[in-house]
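Everything below concerns the one structure shown next.
From a predicted model like this one, the values you see are computed outputs, not experimental measurements. Values reported hereafter were calculated over all heavy atoms of this structure, with side chains retained and with hydrogens, waters and symmetry mates removed. Residue numbers start at 1 and run along the sequence shown.
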Amino acid sequence: MSFIDLILNFAGLLLWLKWLEKDSEITGPRISLVGTLKKTGPRHPRIWFFIALLALLITRPMIYWFLGSASNWVPRLWFGVIPLSFRSDFFWISFLFSFLSFSAALMIFYTCLLLLSILNNKRSEPGPIQSLIREQLGKLDLLPAFLKFLLPWLAMLALWCLFNKPFVNLGILPAPKSFLHAVEQGAIAGLGIYLTWKYLIVAILLLHMLNSYIYFGPWAVWKFIDNSAQQLLKAISWIPLRLGKIDFAPPLAMALVLVIAKYSSRGLVLLYQQLPF
């Protein structure tokens with residue numbers, strides 16, 4: 001069931017992007033965040049993609065309620081490093097989980113776009129991939145890099161404080177001892193959002209490493225990946241990791257990211273358990 005929820009969130013994300021897609025003119029080949037397939041037939045109004053997204057979010061709770069209750073499935077939503085458990089045997093709880101699960105997927109997606117925007121912020125002439133990211137982020141892309149970095153944490157902190165009381169009333173979260181206690185919980189939950197970057201960072205470094213040894217063509221996406229990887233590798237650029245034509249920096253960086261993420265997750269959980277300070 002969790003895998004089905006993941007697939008449906010991915011489908012919802014594609015519908016979201018199609019709804020927001022603009023007929024912008026970009027020099028070079030046509031590139032879209034949802035693919036490069038050539039469009040055939042008449043173009044559908046974008047509002048239909050939003051209607052389809054709403055239909056998906058409204059109808060899938062019936063699947064969660066019918067199959068989830070039969071299989072004793074417990075839907076979980078990770079608020080940073082803190083799991084929120086829902087009951088699948090109540091339809092309205094499954095309905096709430098459907099929207100919250102997609103909202104979490106949407107937040108992770110835009111958090112990853114912020115990281116890509118930070119890594120490619122200094123490029124004087126952005127390529128088509130960076131232009132599409134700027135189109136998605138809008139005015140957020142104009143913020144200084146340190147504000148882009150802080151934005152996911154601030155958003156998670158605000159959402160935690162906003163939804164804390166409703167979740168307590170629903171029995172999803174234990175009641176905090178004070179408002180300050182709730183703020184401390186939100187601050188740690190906000191730090192957990194950065195752990196989702198590990199998948200994107202590892203993917204960038206892996207693709208960069210493959211592109212270093214295999215020529216995949218002069219596609220803009222490979223130039224974008226190489227530039228992003230070079231920014232990530234600056235942190236260990238002072239270490240001599242090249243032996244002839246073999247560069248050990250990408251695999252070392254991937255290993256460091258996974259190890260740091262693993263122990264950071266454990267540290268944040270232990271820190272959360274020690275609250276309030």
Side-chain angles (χ1 to χ4, degrees), residues 6 9-10 13 76-84 100-122 129-130 133-134 136-164 167 173 181-208 224-225 227-237 249-275 277:
L6 177 64
N9 278 337
F10 182 73
L13 184 59
R76 286 187 174 87
L77 184 66
W78 286 87
F79 217 110
V81 293
I82 304 163
L84 306 181
L100 291 178
S101 178
F102 176 71
S103 299
L106 202 62
M107 184 172 184
I108 292 173
F109 173 73
Y110 280 101
T111 300
C112 290
L113 288 187
L114 282 172
L115 174 60
L116 294 175
S117 177
I118 293 171
L119 294 176
N120 294 272
N121 193 43
K122 295 182 179 180
I129 305 299
Q130 184 67 8
I133 292 175
R134 290 182 176 181
Q136 287 294 319
L137 292 178
K139 293 183 179 180
L140 294 179
D141 189 71
L142 302 177
L143 295 174
F146 76 95
L147 285 181
K148 293 179 188 177
F149 184 83
L150 287 177
L151 193 59
W153 179 78
L154 293 173
M156 286 287 285
L157 175 59
L159 289 173
W160 181 273
C161 294
L162 179 64
F163 288 101
N164 188 268
F167 284 169
L173 280 176
H181 184 198
V183 173
E184 292 174 345
Q185 291 176 330
I188 294 177
L191 292 175
I193 191 65
Y194 296 110
L195 297 178
T196 60
W197 282 355
K198 66 181 179 181
Y199 303 106
L200 177 61
I201 293 175
V202 169
I204 290 173
L205 294 174
L206 180 60
L207 292 173
H208 168 70
F224 180 82
I225 288 173
N227 183 78
S228 301
Q230 289 169 8
Q231 297 300 317
L232 291 169
L233 293 173
K234 281 185 177 180
I236 59 173
S237 60
L252 175 61
M254 285 188 282
L256 286 174
V257 167
L258 293 176
V259 170
I260 291 173
K262 178 181 179 180
Y263 287 99
S264 295
S265 178
R266 292 181 180 180
L268 289 175
V269 171
L270 292 175
L271 193 60
Y272 180 82
Q273 294 172 348
Q274 299 298 319
L275 297 178
F277 294 131

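Closest approach of Val202 to Met254, counting heavy atoms only: O-SD, 3.7 Å. Nearest approach of Ser264 to Leu195, heavy atoms of both residues: CB-CD2, 4.0 Å. When all heavy atoms of Ile236 and Ala253 are compared, the closest pair comes out as CD1-CB, 3.9 Å.
Expressed to the nearest 0.5 Å, how far CD1 of Ile225 lies from CG of Leu207 amounts to 4.5 Å. Distance CG/Leu116 to CD1/Ile133: 4.5 Å, rounded to 0.5 Å. Rounding to the nearest 0.5 Å gives a distance of 11.5 Å between OG of Ser228 and CD1 of Ile118. Distance check, rounded to the nearest 0.5 Å: CG of Leu114 to CG of Leu137 gives 5.0 Å. Atom CD1 of Ile188 and atom CH2 of Trp153 lie 11.0 Å apart (nearest 0.5 Å). Between the CH2 atom in Trp197 and the CD1 atom in Ile204 there is a gap of 11.0 Å [rounded to 0.5 Å].
Screening residues 101-115 for side-chain hydrogen bond (donor to acceptor under 3.5 Å, both in side chains), with sequence neighbours left out, gives Asp5-Ser101, Asn9-Ser101, Trp16-Tyr110, Tyr110-Gln136. Among residues at least two apart or in separate chains, side-chain hydrogen bond (donor to acceptor under 3.5 Å, both in side chains) pairs with a member in residues 139-151 are Ser117-Asp141, Ser117-Lys148, Asn121-Lys148, Arg134-Asp141.
Side-chain atoms of Gln273 and Leu270, non-hydrogen and from C-beta on, do get closer than 4.5 Å to each other. Residues Val269 and Ile82 are not in side-chain contact: their nearest non-hydrogen atoms beyond the backbone lie 4.5 Å or more apart. The side-chain heavy atoms of Met156 and Met107, taken from C-beta on, include a pair separated by under 4.5 Å. The shortest distance between side-chain heavy atoms of Lys198 and Ile260 does not fall below 4.5 Å. Considering only heavy atoms from C-beta on, Leu275 comes within 4.5 Å of Tyr272 through its side chain. You'll find the side chain of Leu140 reaches within 4.5 Å of the side chain of Leu143, heavy atoms only.
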#### Entry: Asn227 and Leu119: CA distance, side-chain angles, deciding distance, side chain to side chain contact (heavy atoms under 4.5 Å, CB included) verdict
CA-CA 8 Å; Asn227 183 78; Leu119 294 176; 5.9 Å; no

### side chain to side chain contact (heavy atoms under 4.5 Å, CB included) between Leu271 and Leu191, worked out
CA-CA 11 Å; Leu271 193 60; Leu191 292 175; 5.6 Å; no

### Message
What verdict does the side chain to side chain contact (heavy atoms under 4.5 Å, CB included) test give for Leu100 and Phe167, after you've listed the backbone C-alpha separation in whole Å, the side-chain angles of each residue and the deciding distance to 0.1 Å?
### Response
CA-CA 12 Å; Leu100 291 178; Phe167 284 169; 3.7 Å; yes

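Under a cut-off of 6.0 angstrom, the local environment of OH in Tyr263 is sparse, with at most 12 non-hydrogen atoms contributed by other residues, nucleotides or ligands.
Under a 3.5 Å cut-off, the side chain of Thr196 and the backbone N or O of Ile193 do form a donor-acceptor pair. Between the side chain of Trp160 and the backbone N or O of Ala187 there is no donor-acceptor pair closer than 3.5 Å.
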